[in-house]
Structure formats: structure tokens, C-alpha cells
Amino acid sequence: MTQTFTAQMAMSRAGVWRVYVVVGGMPQWPEHCWARTAPVPTPLERVQGLKSLGFEVLPDAEWEWIEYSEVPDDPSSRVCLLAAVSVRRMEVAL
């Protein structure tokens, strides 16, 4: 059975978009950044970013977006966006 992981995409503290894969037991998760704040990376750019990390989106998986407040319980706080999708390691052709 193929092991699956969660890839997440959000705006970094530095103000650029980044996609990373949550991999347990690793001190630092694989990460790809785009040197821009806008526009949001396209689905093709996300696929390419994940590919550069050695991962691919699972068949039929879709990106899911949530929003949350930077400061919980403060309605005037900046809204942050987080996207997630299920991924797997890419198969290496022999």
C-alpha cells in the first residue's frame, strides 16, 4: 500500500507562497517557495512545486482551502489561507 502524506500551501511569514509536505520524523519538512505574494500559485505550479520535492497529488484528490484568523478570537485580525491536498512519493522509474 502506498504511503500518503498531506501537502499544505500557505503564505510564509516572509510574505511568499510556499508548499510543504508534512512528513513525520523529519526535523524539517520538504518545502518549495514561490518568490511572490500574488497571484496564488496555479494548480500547474503547485504540481511542479510538489514534483520538485519528489511528490505527486493522489488521483482524484482536490485542494481544500480553509481560512483562519491570525489572532484567534479577534475579528479585526488578518485572514490567513491554508490549502491542503493528499500526496504520495513519486515512483522512480528504473
Side-chain angles (χ1 to χ4, degrees):
M1 178 182 252
T2 302
Q3 185 177 9
T4 61
F5 303 89
T6 299
Q8 296 181 339
M9 187 176 73
M11 182 80 64
S12 72
R13 293 196 185 278
V16 298
W17 284 101
R18 68 186 183 119
V19 65
Y20 53 92
V21 180
V22 179
V23 181
M26 290 186 70
Q28 189 171 2
W29 295 332
E31 176 182 87
H32 176 85
C33 294
W34 292 271
R36 67 175 194 252
T37 57
V40 175
T42 66
L44 178 59
E45 288 175 312
R46 296 175 215 168
V47 165
Q48 292 168 336
L50 288 166
K51 184 177 180 179
S52 75
L53 301 175
F55 291 88
E56 62 186 356
V57 176
L58 292 177
D60 300 323
E62 294 183 13
W63 287 91
E64 295 182 25
W65 289 85
I66 62 167
E67 67 176 52
Y68 60 95
S69 296
E70 189 172 54
V71 179
D73 300 323
D74 180 356
S76 65
S77 175
R78 181 174 81 99
V79 172
C80 301
L81 296 173
L82 176 71
V85 70
S86 295
V87 298
R88 64 183 174 202
R89 291 190 192 278
M90 293 178 65
E91 294 184 15
V92 178
L94 299 176

Check: residues 81-90 side-chain donor-acceptor pairs under 3.5 Å, at least two apart:
from	atom 1	to	atom 2	distance (Å)
Arg88	NE	Glu56	OE2	2.8
Arg88	NH2	Glu56	OE2	3.2

### Summary
In short, salt bridge (charged side-chain N to carboxylate O under 4.0 Å, His left out) pairs touching residues 29-38 with sequence neighbours left out are Arg18-Glu31, Arg36-Glu45

### With Asp74 via side-chain contact (heavy atoms from CB on, under 4.5 Å) - residues at least two apart
Val71, Ser76, Ser77

### Message
Within this structure, what is the CD-OG1 distance for the pair Glu64 and Thr6, rounded to the nearest 0.5 Å?
### Response
10.0 Å

### Query
For Val79, which residues count as a side-chain contact (heavy atoms from CB on, under 4.5 Å) partner, sequence neighbours excluded?
Glu67

### Query
With sequence neighbours left out, which residue pairs that include part of residues 32-65 fulfil the ring-ring contact (aromatic ring centres under 6.0 Å, His included) condition?
Phe5-Phe55, His32-Trp34

### Task
Might you point out which heavy atoms bring Val19 and Leu53 nearest each other, and give the distance in Å?
O-CD1, 4.2 Å

### Task
Compare every heavy atom of Ala61 with every heavy atom of Val57, then report the nearest pair and how far apart it is.
CG1-CB, 3.8 Å

## Note on the structure
Those residues at least two apart in sequence (or on a different chain) that pass side-chain contact (heavy atoms from CB on, under 4.5 Å) with Arg78 are Glu70, Cys80

### Query
Applying side-chain hydrogen bond (donor to acceptor under 3.5 Å, both in side chains), which residue pairs with at least one partner in residues 20-30 are found, sequence neighbours left out?
Gln8-Tyr20

### Query
Applying the 4.5 Å side-chain criterion to the ILVMFWY set and letting contacts propagate, would Val40 and Met11 be lumped into a single cluster?
yes

### Rounded distance (nearest 0.5 Å) linking atom CG of Leu44 with atom NZ of Lys51
10.0 Å

### Task
Could you tell me whether the side chain of Trp17 and the main chain of Thr37 form a donor-acceptor pair under 3.5 Å?
yes

